[in-house]
Amino acid sequence: MAHATTELSNEMNAAGNAPEGWTPKILALVCNWCTYAGLDQAGTSRMQRPANIRVLRVMCSGRLEPTMVLEAFRRGADGVIVSGCHLGDCHYTSGNYKMERRMALLKVLLKQLGIHSNRFIQTYISASEGAEATEIFSHFINGIRALGPSPLNKEWSK
Amino acid sequence: MDHGSRNRTIGEPEFELLIMAKKKNKEVEQEVPAPEVAPATEPAKKSIQSDTDNPKIGFYICDCGINIAGVLDNDALKDFAATLPNVTVSRRYKFMCSTVGQQFIQDDIKNGLVDHVVVAACSPRMHEPTFRRALDGVGLNKFLFEQANIREHCSWVNMNTPTEAMEVAKDHIRMLIAKVARNKELEVSRVKVDKNCLIIGGGVAGMNTALDLANGGYGVTLVEKEATIGGHMAQLDKTFPTMDCSACILTPRMADVGRHPNIKLMTNAEVESVEGYVGNFDVTIRQKATFVDNDKCTGCGACADHCPAWAGNEFDLGMQYRKAIYIPFPQAVPTKYVIDGKKCVKCGVCARPDVCEPLAINLNDTDKFVKKRFGTIVISTGYKPFDPTPLLQYGYGKYENVITGLQMERLLSSFGPCLGKPLRPSDLKAPHSIVFVQCVGSRSDREVSHPYCSRVCCMYALKQARQYKEKHPDANITIFYMDIRAFGKGYEEFYEICARQYGINFVRGRLAEITKGTEPGSLFVRGEDTLMQQVIEMETDMVVLSVGLEPQADVKEICAKLSVQQAGDGFFLEAHPKLRPVDTLTDGIFIAGVAAGPKDIPDAVSQAKGAASSAAVLMSQGEVEIEPYYSIVDPAKCSRCKSCLEQCPFGAIIFNDVLNLTSINPAKCKGCGTCAAACPCGAITQNHFTNDQIYGEIEVVLPMTQGGKVE
């Protein structure tokens, strides 16, 4: 459990110690057909969530590379969300399976890099799941609030 | 759209523009019927040159009434955007999607102020096509447009925190301005669509698709693997709920298909391989050896009279005999004899000139291959009835008098083995009591059964029970059911009549087991009446298992050949279960009938007509647009590892061994970009979603220089 210790030591100082004026900056990398549409549905239904999510749209979550997540963290993102269609529902039949495999490996890597596992989620949100999206995103944001700024966030971390 | 609230926006320069534009439009409307905005479908001939290295970005922010401006400070956002790199024009308007709003963009483009456009408004899923048309209308490449979503993803979900919402909106604007600066002009390519359609499977669905398309003037090739068209419907005696004679309504249509000048009927044939893409499918069809020359065979039947070899007739599910040279049933289309190679004893009697006068028999016949190009393909391969043998509790295959619903259908048929007077198989006596068992192979996760409802079994069991009661009013008929699903037009009424007028007994519960009865040939059934909460045990003369419908055995094989997908239930997968039920995810390939999932005849026919219409739409256009989001391989960077080949679910990536080159066929590529993400060399680029564009967005949203602490 060596990596868990690193993770803890890196994040311990920040946890529960959010500086005044800081608000998490979270990048959501999502597919066009399901998750983006699900977030649209959340909007149309006026489901409120904390204003921390920046949405980057690609056609399919299969387009997402682990390096995009790493780049976001390197540049100081406090959290990253990767989301596609539910398994079996991919508009391109199987892009989400490929994304899932890549992200499973990335999760291990992030731990080893000392980035808290609560800073990254890989999820599936369909075009009709605005409520689920709101719940997942809000929960994720609250988790990051508890952690404080990312250790790579140059502006806020000490 | 609100054009009437003049008082509210007086004094704003945009308002003046609005008034002018409105006046102008009004005048135009009165004098010339055509509006000044170029029609969306016809791009202007003169194209506007855009300098993609030094983009001039026009930024337009939409108030959307109060939907956006009620939460966000749009003037501040307008000023903010003006400070971003390459932005030359920054404007705000109440409704950008209105004709007037689009006019701002078009005027700026025409005046040379702008050659890239970002609109901050609603979701691009809503109005991206609108604004792209506006660009297209003045001759600017429509892919030099991006839409920043500050409504669904910002003002509507962050209503209570306007200060934070402003930051989100700024970031969304930053991202899309950074992206559009990296957008390249892309061309929508067009491919010709061949006006021939291939239909795989000649059941009632395939026949209806074929007739509709052929009547519409398109060429149709109907490939059927059996010796006749007609499918399972030809085996049915009567159809619920109208009690129409199935053959009487089907055989005239079969004859129509057989003699239609636009339909080429290929029976005993299967699709061997499919190459190409929408509009241009190059298909190889295997014409299996039938040992009879269809051009010469007159269907007289003298060969069958002389043939010494016997076999079970598949059409009657083995309950009748046929010869080794045969037609499946008298009304078969085409009425051409075929030789069953496995049963033929090669005596050569049928080939004798005194037997077959036209000399149609060729005992040295071999499989032939026919190549043809098709614009569209319709899959209507139907189903196979569930085989209940593995469900040992029902004793199918063990007890002769346990039969399936389709066997009962043949027994009831006036041209079936009993000539319409059903007899039980063991002693050829008319049964006095019959038990029907519903949901055999359906609505169960256990063993080999399927979780779905097969949708026809309730109704066919009711119909068969009623038919038997009509012939034997004193017979005792019990239906063991889970739920009676009589959902179609006239079905509930039919159920009511069966239950009340014909005195059929209904027991709610799944049958537990069928064992040998006390009388010879009789059966002992045990089950539970879940409504009475008691065990039911009874002796009966015959049991009919209402078997469900299951996918054909070759669905997977066809999926692989055609690059279409199989759903979890084993049938073909539709592009969208609600809105695109006859499309597959492969352009130009459609599905009809039970191939897409269990359904009754009216539904199968409706779907067949839907598939015909969808195919006709493509073929009548003559051309199809291909979205330019496809990926491109840079051969200089490609290491030939071929890892992209297995990433692509559409078979769009081809590795040419001779040229040692990987290439992507734009017509087959759907533009998901999975290969681009997987390429270890970075040799694959997805148009419109390049690494440069995506990392460019990440770069501006997370600038790293926040607070000036960059090292």
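Values in this document were obtained by computation on a predicted structure and should not be read as measured data.
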For chain B, which of [options] has the most heavy-atom pairs under 4.5 Å?
| options | result |
| --- | --- |
| A:M59, A:Q41, A:M47, A:E71 | A:M59 |
| A:A77, A:C90, A:S94, A:G95 | A:A77 |
| A:L27, A:T93, A:L29 | A:T93 |
| A:N32, A:T23, A:L152 | A:N32 |

I'd like to know which of [options] tops the heavy-atom pair count under 4.5 Å against chain A.
| options | value |
| --- | --- |
| B:F689, B:Y629, B:F650 | B:F689 |
| B:A677, B:C675, B:S155 | B:A677 |
| B:C154, B:C672, B:G673, B:A676 | B:C672 |

Original post:
Is it the side chain or the backbone of A:P66 that comes within 4.5 Å of chain B heavy atoms, both, or neither?
Top reply: neither
Original post:
A:A28 versus chain B, heavy atoms under 4.5 Å apart: side chain, backbone, both or neither?
Top reply: neither
4.5 Å side-chain heavy-atom contact, [X] and [Y]:
| X | Y | value |
| --- | --- | --- |
| B:N691 | A:R63 | yes |
| A:R54 | B:E167 | yes |
| A:L56 | B:I694 | yes |
| A:R57 | B:P124 | yes |

Name every donor-acceptor pair, under 3.5 Å, that has one atom in a side chain of residues 641-649 of chain B and the other anywhere in the protein, sequence neighbours excluded.
residue	atom	partner	partner atom	Å
B:Q647	OE1	A:R102	NH2	3.2

Original post:
Where the side chain of A:Q48 meets the backbone of B:M159, is there a donor-acceptor pair that is under 3.5 Å apart?
Top reply: yes
Original post:
Taking the side chain from A:K25 and the backbone from B:V701, do they hold a donor-acceptor pair closer than 3.5 Å?
Top reply: yes
Using non-hydrogen atoms only, which part of [X] is less than 4.5 Å away from chain A: side chain, backbone, both, or neither?
| X | value |
| --- | --- |
| B:A678 | both |
| B:H172 | side chain |
| B:M175 | side chain |

Original post:
Is it true that atom NE2 of A:H139 has more than 12 heavy atoms of other residues, nucleotides or ligands lying nearer than 6.0 Å?
Top reply: no
Using every non-hydrogen atom in the two residues, find where [X] and [Y] come nearest and quote the distance to one decimal.
| X | Y | result |
| --- | --- | --- |
| B:S123 | A:Y36 | OG-CE2, 3.5 Å |
| A:R75 | B:P703 | NH2-O, 3.7 Å |
| B:V168 | A:A51 | CG2-O, 3.5 Å |

Subject >> Short side-chain donor-acceptor distance under 3.5 Å, A:T67 and B:Y695 >> reply: yes
Nearest-0.5 Å distance that lies between atom [atom1] in [X] and atom [atom2] in [Y]:
| X | Y | atom1 | atom2 | answer |
| --- | --- | --- | --- | --- |
| A:I53 | B:H153 | CD1 | NE2 | 10.5 Å |
| B:W156 | A:L39 | CH2 | CG | 14.0 Å |
| A:E65 | B:T674 | CD | OG1 | 11.0 Å |

Subject >> Listed partners of B:R174 passing salt bridge (Lys or Arg N to Asp or Glu O under 4.0 Å), at least two apart >> reply: B:D171
